[in-house]
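In what follows, every heavy atom counts, from backbone to side chain, and hydrogens, waters and symmetry copies are set aside. Letters go in sequence order (proteins before strands), and every chain restarts at 1.
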Amino acid sequence: MLDLKFVRSNPLIVEEALKKRGIEMGLEEFLHLEEKRRHLLYQVEKLKKQRNEVSEKIGLQKTAGQDASDMIEEMREVSREIKEMDEEIKKVEQKLKDTLLHIPNIPHQTVPVGKGEEENIEVRRWGEITNFDFNPLSHWELGEMLDILDFERAGKVSGARFSFSKGLGARLERALYNFMLDLHIEAGYREVFPPFLVNKQSMTGTGQLPKFAEDMFKIEGEDYYLIPTAEVPVTNLYRDEILDEGELPIYHVAYSACFRAEAGAAGRDTRGLIRQHQFNKVELVKFVKPAVSYQELEGLVLNAEKVLQLLKLPYRVVLLCSGDLGFSAAKCYDLEVWMPSSGSFREISSCSNFEDYQARRANIRYRPAGGKGKLRYVHTLNGSGVAVGRTMAAILENNQQKDGSVYIPEVLHRYMGGVETIENPFS
RNA sequence: GGAGAGAUGGCCGAGUCCGGUUGAAGGCGCUCGACUCGAAAUCGAGUAGACCGUGAUGAGCGGUCUCGUGGGUUCGAAUCCCACUCUCUCCGCCA
């Protein structure tokens with residue numbers, strides 16, 4: 001959420017930023033309401049001051065044994081007025097807050113202005129696009145042939161967009177997130193294992209709610225939502241807390257299953273592991289001081305890239321343009337891995353700096369060293385390090401061989417009990 | 001799920017029965033100063049946040065609100081009443 005005072009004093013900047021995201025939104029009504037709020041507040045506070053003063057006098061008179069019924073009578077009326085105004089103010093504040101919660105973050109100056117995906121900017125590439133001297137299969141074809149993925153039975157047991165991984169497939173998946181966790185722990189991230197269900201306030205803290213309710217699963221009759229990413233529980237770890245400057249930066253890495261309704265994705269990526277209702281992901285989350293958040297973002301991207309480099313998967317780094325930028329993010333890089341079945345790069349990680357946008361929603365602040373000075377909001381960042389299901393798909397497709405077998409990247413061998421290849425039983 | 005106890009400032013902890021200089025005693029921690037070659041110990045001072053107004057979107061000053069959350073009673077609520085949330089103890093159930 002943006003700072004109310006900032007919006008109030010810089011409405012043109014905010015409107016301009018919204019325009020860059022392709023949102024036409026006038027703030028006139030908002031500003032009007034805000035003015036009303038301040039006016040009412042001023043009036044009611046004057047009355048409250050009067051009430052406080054007179055009530056103190058009443059107390060003094062009463063303890064002195066004198067009558068104060070005329071003052072009490074007078075204050076009864078004042079209190080009634082205060083009550084009415086308080087109710088009015090509450091309504092106005094609620095409206096203002098609702099609006100604020102629906103305003104996305106302001107893109108950073110370094111974010112290119114653009115309408116959508118097509119206008120993202122490729123920053124760099126790593127590795128060679130895989131070439132085959134045979135007709136390569138898709139990962140779902142490979143997975144079924146090798147009996148390590150089962151989409152059909154998952155359809156029976158759960159429904160569309162679910163899968164079983166089996167045998168060496170299940171082991172590969174486990175190897176992948178263990179490898180990722182170990183790698184990031186070594187890079188200085190502290191491992192946390194989060195709850196997969198969180199409450200509404202946490203979802204609001206990171207920005208999924210109130211605007212994107214249809215994107216996620218909710219437990220009926222309970223205040224529990226299935227997390228769409230570990231970003232939600234891990235960022236909310238420090239919600240409503242005041243950290244010491246000395247504790248910053250805080251780096252966390254978390255494995256979690258992720259759950260997404262994919263409501264708007266009907267007909268897209270219906271086959272395979274690319275777009276599932278449930279998938280595994282290792283997530284990186286940072287809490288840092290504002291001055292260093294952009295250099296921390298670059299570092300975060302490198303941490304995510306390292307995963308793909310060690311797995312020897314070709315990828316590129318893309319800087320998202322304003323129109324493709326996530327709601328809460330100020331700047332975001334996507335990592336896109338080469339996917340032979342589609343002959344294109346597909347998103348496998350998304351690394352964002354949210355500046356103080358989430359911190360303000362979730363009320364995460366820090367106390368500058370020395371104990372003096374005002375509290376400040378931290379900057380939060382997160383990025384996939386990386387999406388496990390898509391990584392598995394990428395390995396299957398990029399590492400397939402003519403006989404249908406798939407070789408396992410070397411760094412995973414020790415996680416696979418020495419298995420180096422998933423053999424094709426039919427060859 | 002049943003029974004009971006509790007939730008106060010960065011932390012611990014009084015106050016709640018009997019509503020009125022209690023934004024809140026005391027302690028710890030932290031900051032600054034004194035002492036010291038330096039440190040410890042000791043002594044002194046300071047030490048919540050949000051919002052509104054003023055001011056330069058600073059310091060300062062004035063004000064309002066906040067003692068788990070929300071509502072109620074009252075001229076006035078940490079203190080009384082109601083609902084909810086969470087924590088702890090015991091019992092039951094359970095991976």
Side-chain angles (χ1 to χ4, degrees), chain A residues 1-14 30-97 100 106 193 195-205 219 221-225 233 236-248 250 257 290 356 359-378:
Chain A
M1 155 171 86
L2 300 179
D3 182 22
L4 175 61
K5 276 184 223 163
F6 177 82
V7 178
R8 183 166 83 207
S9 40
N10 304 283
L12 293 178
I13 293 179
V14 176
F30 181 84
L31 295 174
H32 231 81
L33 260 186
E34 164 60 7
E35 201 166 316
K36 184 176 177 188
R37 178 184 77 95
R38 279 185 293 159
H39 176 75
L40 284 169
L41 213 50
Y42 179 72
Q43 299 298 330
V44 82
E45 285 185 0
K46 258 199 317 204
L47 285 179
K48 283 181 178 174
K49 183 183 180 187
Q50 187 195 355
R51 183 179 70 181
N52 287 344
E53 284 168 354
V54 176
S55 287
E56 197 177 321
K57 259 188 231 162
I58 292 171
L60 288 172
Q61 286 215 8
K62 280 207 160 180
T63 44
Q66 292 167 348
D67 178 67
S69 45
D70 51 335
M71 281 194 280
I72 290 176
E73 196 54 47
E74 191 189 340
M75 283 309 103
R76 192 169 291 161
E77 177 56 27
V78 170
S79 269
R80 204 188 51 73
E81 265 179 71
I82 288 173
K83 200 175 163 184
E84 272 175 25
M85 291 181 80
D86 271 343
E87 274 166 29
E88 177 75 14
I89 288 167
K90 214 172 152 183
K91 268 187 226 161
V92 171
E93 285 186 335
Q94 189 56 50
K95 260 194 225 168
L96 285 168
K97 190 161 186 205
L100 270 183
I106 295 174
F193 184 81
F196 292 180
L197 300 181
V198 299
N199 57 33
K200 186 177 180 178
Q201 225 190 324
S202 294
M203 284 294 192
T204 307
I219 305 292
E222 306 273 351
D223 184 25
Y224 291 136
Y225 296 81
N236 278 281
L237 247 185
Y238 304 108
R239 190 177 73 222
D240 294 320
E241 290 193 29
I242 297 165
L243 306 167
D244 285 325
E245 181 174 353
E247 294 177 73
L248 300 175
I250 295 172
D356 61 7
R360 186 172 289 110
R361 282 173 166 251
N363 193 29
I364 308 169
R365 294 172 293 177
Y366 74 96
R367 190 179 300 282
K372 300 261 180 199
K374 283 202 123 191
L375 300 184
R376 299 198 59 184
Y377 288 108
V378 300

Exercise. Counting only N and O atoms by type, is there a donor-acceptor contact under 3.5 Å from the side chain of A/Asn236 to the main-chain atoms of A/Ala362?
Worked result: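 No.
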Exercise. For the atom pair CG (A/Asp244) and OH (A/Tyr366), what is the distance rounded to the nearest 0.5 Å?
Worked result: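 Interatomic distance, A/Asp244 CG to A/Tyr366 OH, rounded to 0.5 Å: 12.0 Å.
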Exercise. If you round to the nearest 0.5 Å, how far is CG of A/Leu96 from CG of A/Leu31?
Worked result: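 Rounded to the nearest 0.5 Å, the CG-CG separation comes to 9.5 Å.
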Rounded interatomic separation in angstrom, taking [atom1] from [X] and [atom2] from [N]:
X        : N     : atom1 : atom2 : answer
A/Gln201 : B/G70 : CD    : C1'   : 13 Å
A/Asp240 : B/U66 : CG    : P     : 18 Å
A/Asp244 : B/G29 : CG    : P     : 16 Å
A/Arg367 : B/G46 : CZ    : C1'   : 14 Å
A/Arg239 : B/C86 : CZ    : P     : 13 Å

When the [atom1] atoms of [N] and [M] are considered, how many whole Å apart are they?
N     : M     : atom1 : result
B/A50 : B/G13 : P     : 26 Å
B/A24 : B/C84 : C1'   : 26 Å
B/U57 : B/C51 : C1'   : 15 Å
B/U21 : B/U64 : P     : 15 Å
B/U8  : B/G23 : C1'   : 11 Å
B/C90 : B/A95 : C1'   : 22 Å
B/G49 : B/G10 : P     : 8 Å
B/G68 : B/G63 : C1'   : 27 Å

For this session: Would you check, one step at a time, whether the test side chain to side chain donor-acceptor pair (under 3.5 Å) holds for A/Ser55 with A/Asn52?
Result: CA-CA 5 Å; A/Ser55 287; A/Asn52 287 344; 5.9 Å; no
Problem set entry | A/Arg51 and A/Ile82, any side-chain heavy atoms less than 4.5 Å apart |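 Yes - at least one pair of side-chain heavy atoms lies under 4.5 Å apart.
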Problem set entry | Electrostatic pair A/Lys36:A/Glu88 at N-O distance under 4.0 angstrom |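 A salt bridge links A/Lys36 with A/Glu88.
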Exercise. Any ion pair linking A/Glu77 and A/Arg80 (charged N to carboxylate O, less than 4.0 Å)?
Worked result: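 Salt bridge flag = yes for A/Glu77 with A/Arg80.
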Exercise. What are the two closest heavy atoms between A/Leu100 and A/Leu2, and how far apart are they?
Worked result: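 So the two residues come closest at CD2-O, 3.8 Å.
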Problem set entry | Stems involving RNA chain B, each a run of at least 3 consecutive Watson-Crick or G-U pairs under 3.5 Å |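 Consecutive-pair runs (3 or more) involving RNA chain B: B:1-7 with B:85-91, B:10-12 with B:26-28, B:29-34 with B:42-47, B:48-54 with B:60-66, B:68-72 with B:80-84.
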For this session: Enumerate the residues from residues 77-88 of chain A whose closest heavy atom to RNA chain B is under 4.0 Å, giving them by residue number; use none for an empty result.
Result: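 Those residues are A/Ser79, A/Lys83.
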Problem set entry | More than 12 heavy atoms of other groups within 6.0 Å of A/Glu56 CD |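 12 or below, so no.
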Exercise. Should the heavy atoms of other residues, nucleotides or ligands under 6.0 Å from OH of A/Tyr42 be counted, would the total exceed 12?
Worked result: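 No, OH of A/Tyr42 has 12 or fewer neighbouring heavy atoms, counting only those of other groups under 6.0 Å.
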Exercise. What residues form a ring-ring contact (aromatic ring centres under 6.0 Å, His included) with A/Phe193, not counting sequence neighbours?
Worked result: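 For A/Phe193, the residues satisfying ring-ring contact (aromatic ring centres under 6.0 Å, His included) (neighbours in sequence not counted) are A/Phe196.
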Exercise. Per the side chain to side chain donor-acceptor pair (under 3.5 Å) rule, which among A/Glu35, A/Glu34, A/His39 passes with A/Arg37?
Worked result: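 For A/Arg37, the side chain to side chain donor-acceptor pair (under 3.5 Å) check succeeds only for A/Glu34.
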Exercise. Want to settle it: does A/Lys90 or A/Arg76 sit nearer the 5' end of RNA chain B, counting the closest nucleotide to each?
Worked result: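 It is A/Lys90, whose closest nucleotide lies nearer the 5' terminus.
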Exercise. Would A/Asp240 and A/Asn363 count as a side chain to side chain donor-acceptor pair (under 3.5 Å) if you check the C-alpha gap in whole Å, the side-chain angles of each, and the deciding distance to 0.1 Å?
Worked result: CA-CA 5 Å; A/Asp240 294 320; A/Asn363 193 29; 3.2 Å; yes
Problem set entry | nucleotides 50-65 of chain B: protein proximity per nucleotide (B base, S sugar-phosphate only, - neither; heavy atom, under 4.0 Å) | SSBS---------BBS
Exercise. Sequence neighbours excluded, which residues qualify as salt bridge (Lys or Arg N to Asp or Glu O under 4.0 Å) partners of A/Glu73?
Worked result: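 For A/Glu73, the residues satisfying salt bridge (Lys or Arg N to Asp or Glu O under 4.0 Å) (neighbours in sequence not counted) are A/Arg76.
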Protein-nucleotides 20-24 of chain B N/O pairs under 3.5 Å:
unit_1 : atom_1 : unit_2  : atom_2 : d
B/G20  : N2     : A/Ser55 : O      : 2.9

